[in-house]
Structures are given as structure tokens and as C-alpha cells.
A.B. asks: 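Starting off with a structure, shown below.
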There are 2 protein chains.
Amino acid sequence: MATAKPTSSKASAAGGDQGQAANLRLTRRDHARETSEDYAEAIAGLIAEKGEARVVDLAKRLGVTHVTVNRTIARMQKAGYVSTQPYRAIFLTEPGRALAQDCKSRHDTVVAFLRSLGISEQAAEKDAEGIEHHVSPETLAAFKAALKPAGRSV
Amino acid sequence: MATAKPTSSKASAAGGDQGQAANLRLTRRDHARETSEDYAEAIAGLIAEKGEARVVDLAKRLGVTHVTVNRTIARMQKAGYVSTQPYRAIFLTEPGRALAQDCKSRHDTVVAFLRSLGISEQAAEKDAEGIEHHVSPETLAAFKAALKPAGRSV
DNA sequence: TTCATAATGTACCATATGCTACATTAGGTT
DNA sequence: AACCTAATGTAGCATATGGTACATTATGAA
Ligand SMILES: [Mn+2]
Ligand SMILES: [Mn+2]
Ligand SMILES: [Mn+2]
Ligand SMILES: [Mn+2]
């Protein structure tokens, strides 16, 4: 009876486990990008603020040890997001810059949106740090749309 | 010059790296709970729907293999969230039930809030799967508040 | 130029989370 | 009762991410 089920109309409602499993898979994929996104954003920020991004500064900003930064940077270099040489500063490649910009844009939008709901700056910044990696283009657009008419009441 | 900086007034704005590092640490802590939360919610759902939660059903719903489910359940049992015996079904302990309820409540609120912004059911369910683990009590309250007066226009 | 120190790198360890392949068990069928 | 199959468990592998301890390098001060 539960064998050959015809493609149901409401995928996520009737699909049951399939839809839920797909969503969780996508969320896990988002998490896989999360580290690179936060690092790229931090590197871009350091370059903008101090002229260059050093391992120590990244470690301070990211709240991890320099060892963790080192290994992650190695992964990101292999992935083509950064370029660096032993004992030198860390640079973003073109894809890396794009990742950083995209992530910062999302970050700022999420923060602005939460703030517009009356959420405190502390909570908004903290929650955004996680939420920013889970907003689809559709949701991001909705956040931006909700922000536009923010000066007046409907 | 950047050595002995007096405690700045606006912690997150002037605190610079310290605040950012703290936020990222909190987000990593959220991620550590994420797996248990999703599992607890899935177990509660299966018990409600089918009377019991079996490893195979969890694997299907979570989109992973039964091996991964097994190991995670072992961790959750050690943590006191579930109780199970070899070849038997999986039960939620009292803390496990609380975790499941709390998570489902958050999940539903996030989905409802996103839907209220005009986001599609598919996108709302998908994004909520990630966002649900990153909403502070303050943000959750704001979402609920924004939902209450949803029937009429302001 | 030498040297002290901070920055960087490396070796090794731990946990969480995925997987495939194979072993074992439970439960219904014959 | 014997057996087949699905469910469950286990061994072993991989990657990502976090750490401590120690080695090496770069750099400014003396
Ligand atoms: Mn982040
Ligand atoms: Mn960010
Ligand atoms: Mn989730
Ligand atoms: Mn997340």
C-alpha cells in the first residue's frame, strides 16, 4: 500500500520523509560553506581595516586558535578562495572576494531586517551570524522588500 | 596605541574582534546542539505518526544512512536525551521530549513568520530548517509579535 | 650584527558527522 | 522448526573543525 505512490501534488506536505530529508541535506550543505564564508568576510574586513590579513588577527576575530586558522586557510587555498605563502599575509582570490561580498551583503541585510523588528543590536548581530548562512535568495529578497518601506506605516 | 584600551561603551561596535569572536563562538555552540535538536524533533514526529521511532525511519527522514543514525543515537543516549536497547525502538527521555517540543515550537514559529512575509512553503520550510537553530529568545519573541497582528493591515 | 619575541608552521590528539562493507539479529513465512 | 529478509549493529575509512605542545621563522630592538 505504501509502495508505488504516485507523485503527490503537495511535495513537502505529502512527500513526508523525502521532503524533510531533502531540506536537511540542503541545510548540511549550507553548513559546509559556512566556515569559508565567515573566513572570507573576516579576511576582507581585516584588509579593509588594517591593510592586510594576518593569521593572528584572523584567530582573534574568529575566536579560534592560530592553528585552526592555518588549517582552514590551507583548505580555502586548495578550494581557490585565498592565496598565501608561508609567513606572509593572506589574500583573497577573485572567487574569494565574491564570496566575501556576497556574505557581507547577506549579513548586513539580515542584521538590518532583525533591527527593523525591534531586536537589540547585540541579539541581531549574534543571530545574524548564524542565520546569514541559511537565507535563500527568496527569503533574502523578502527581507529587503520588508525593509524598503520602513520609514512610514502602511 | 592599541594596547590598554579602556572598556568601550558600545561593546559590539567598538569591541571589534572581541564581539565578533564571541558571536561566532555562540553560533558554533548553536551548531553543536543542532543535530540533537533535529533528531529529537524527528523522533517525536515518528512516535506521533507511527507509534514508535525505528532507526530505518529516522535514517529516511533525516537523509542519512542508518549507520550515522546509530552513532548519533548512541551520543544522544549518553547525553541523556534518548533511551534505547539493541534492536529495539528509540524513546525520548524527559529532557529529550522537552528538547523536541522546544525545537518544534521554534520551527513552527519560524516557518509561520517566513510564510507571513510571502515566502513560498518550500523555501520557508527549507530555510527554517537552518534558521530555527539560530533564533535567540528575543528574536523568536519578535517573530511571534510580528505574527499576532497578521490578519489586518496596520 | 645579534638576539629576544611575536608570528607562523607542524605534529599529534580529540570529537562530530558522513560513508561503504560486512556481521548479526528479529520476525514473519513456509 | 527452518529459513529468508529486513532491520540493526560494527569495523574501518574520510573530512571538517577544535585544541595543546613544540619547532621554526621574521623582525624590530639593542
Ligand atoms: Mn556567520
Ligand atoms: Mn557574518
Ligand atoms: Mn533544523
Ligand atoms: Mn546553521
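Hydrogens, waters and symmetry mates play no part in the numbers below; they use all other heavy atoms, side chains included. Source: prediction; values computed, not measured. In the text below, chain A, chain B and the rest are named by the order of the sequence lines, each starting its count at 1.
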A.B. asks: I'd like to check the side-chain contact (heavy atoms from CB on, under 4.5 Å) partners of Thr72(A); sequence neighbours left out, ordered by chain and number.
C.D. replies: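 Here the qualifying residues are Thr35(A), Tyr39(A), Thr68(A), Arg75(A), Met76(A).
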
A.B. asks: Supply the members, apart from Tyr87(A), of the Ile/Leu/Val/Met/Phe/Trp/Tyr cluster built from side-chain contacts under 4.5 Å; use none for a lone residue.
C.D. replies: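 Its cluster partners, ordered by chain and number, are none at all.
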
A.B. asks: Hey, which of these two, Tyr87(A) or Thr72(B), hits DNA chain C nearer its 5' end, going by closest nucleotide?
C.D. replies: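 Taking each residue's closest nucleotide, the earlier one in sequence belongs to Tyr87(A).
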
A.B. asks: Going by heavy atoms closer than 4.0 Å, what residues in residues 26-50 of chain B are next to DNA chain C?
C.D. replies: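 Residues of residues 26-50 of chain B that come under 4.0 Å of DNA chain C are, in numerical order, Thr35(B).
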
A.B. asks: For a 4.0 angstrom threshold against heavy atoms of chain A, report the outermost contacting nucleotides of DNA chain D in 5' to 3' order.
C.D. replies: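 First and last nucleotides in contact are dA16(D) to dA26(D).
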
A.B. asks: Which residues satisfy the side chain to side chain donor-acceptor pair (under 3.5 Å) test with Ser120(B), sequence neighbours excluded?
C.D. replies: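 Partners of Ser120(B) by the side chain to side chain donor-acceptor pair (under 3.5 Å) criterion, ordered by chain and then number, come out as Glu138(A).
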
A.B. asks: Which residues satisfy the side-chain contact (heavy atoms from CB on, under 4.5 Å) test with Glu49(B), sequence neighbours excluded?
C.D. replies: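 Listed in chain order: Arg61(B).
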
A.B. asks: What is the separation between atom CD on Gln85(B) and atom P on dT25(C), rounded to the nearest whole Å?
C.D. replies: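 Going from CD in Gln85(B) over to P in dT25(C) covers 16 Å.
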
A.B. asks: Enumerate the residue pairs fulfilling salt bridge (Lys or Arg N to Asp or Glu O under 4.0 Å) with a member in residues 76-90 of chain B, sequence neighbours excluded, ordered by first and then second residue.
C.D. replies: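 Listed once each, the pairs would be none.
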
A.B. asks: Name every residue in residues 54-67 of chain B that has at least one heavy atom under 4.0 Å from any atom of DNA chain D, in order of residue number, or write none if there are no such residues.
C.D. replies: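 Close to the strand are Arg54(B), Val55(B), Val56(B), His66(B), Val67(B).
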
A.B. asks: Take atom CZ of Arg71(A) and atom C1' of dC13(C), then tell me their distance rounded to the nearest Å.
C.D. replies: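 That distance rounds to 11 Å.
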
A.B. asks: Can you list the residues that meet the side chain to side chain donor-acceptor pair (under 3.5 Å) rule with Thr84(A), with sequence neighbours excluded?
C.D. replies: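 Thr84(A) satisfies side chain to side chain donor-acceptor pair (under 3.5 Å) with no other residue.
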
A.B. asks: Suppose we screen for side-chain contact (heavy atoms from CB on, under 4.5 Å). Which residues come up paired with Ile47(A), at least two apart in sequence or across chains?
C.D. replies: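 Ile47(A) satisfies side-chain contact (heavy atoms from CB on, under 4.5 Å) with Ile43(A), Ala53(A) once adjacent residues are dropped.
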
A.B. asks: Quick one: salt bridge (Lys or Arg N to Asp or Glu O under 4.0 Å) pairs with a partner in residues 97-111 of chain B, sequence neighbours left out?
C.D. replies: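 The answer is Glu37(B)-Arg106(B), Glu94(B)-Arg97(B), Asp102(B)-Arg106(B), Lys104(B)-Asp108(B).
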
A.B. asks: For the pair made of OH in Tyr81(B) and C1' in dA16(C), what is the distance, rounded to whole Å?
C.D. replies: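 That distance rounds to 15 Å.
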
A.B. asks: State which residues pass side-chain contact (heavy atoms from CB on, under 4.5 Å) with Asp30(A); sequence neighbours excluded, sorted by chain then number.
C.D. replies: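 So Asp30(A) forms a side-chain contact (heavy atoms from CB on, under 4.5 Å) with His134(A), Lys126(B).
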
A.B. asks: Hey, is the main chain of Ser105(A) close enough, under 3.5 Å, to the side chain of Thr109(A) for a donor-acceptor pair?
C.D. replies: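 Answer holds: yes.
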
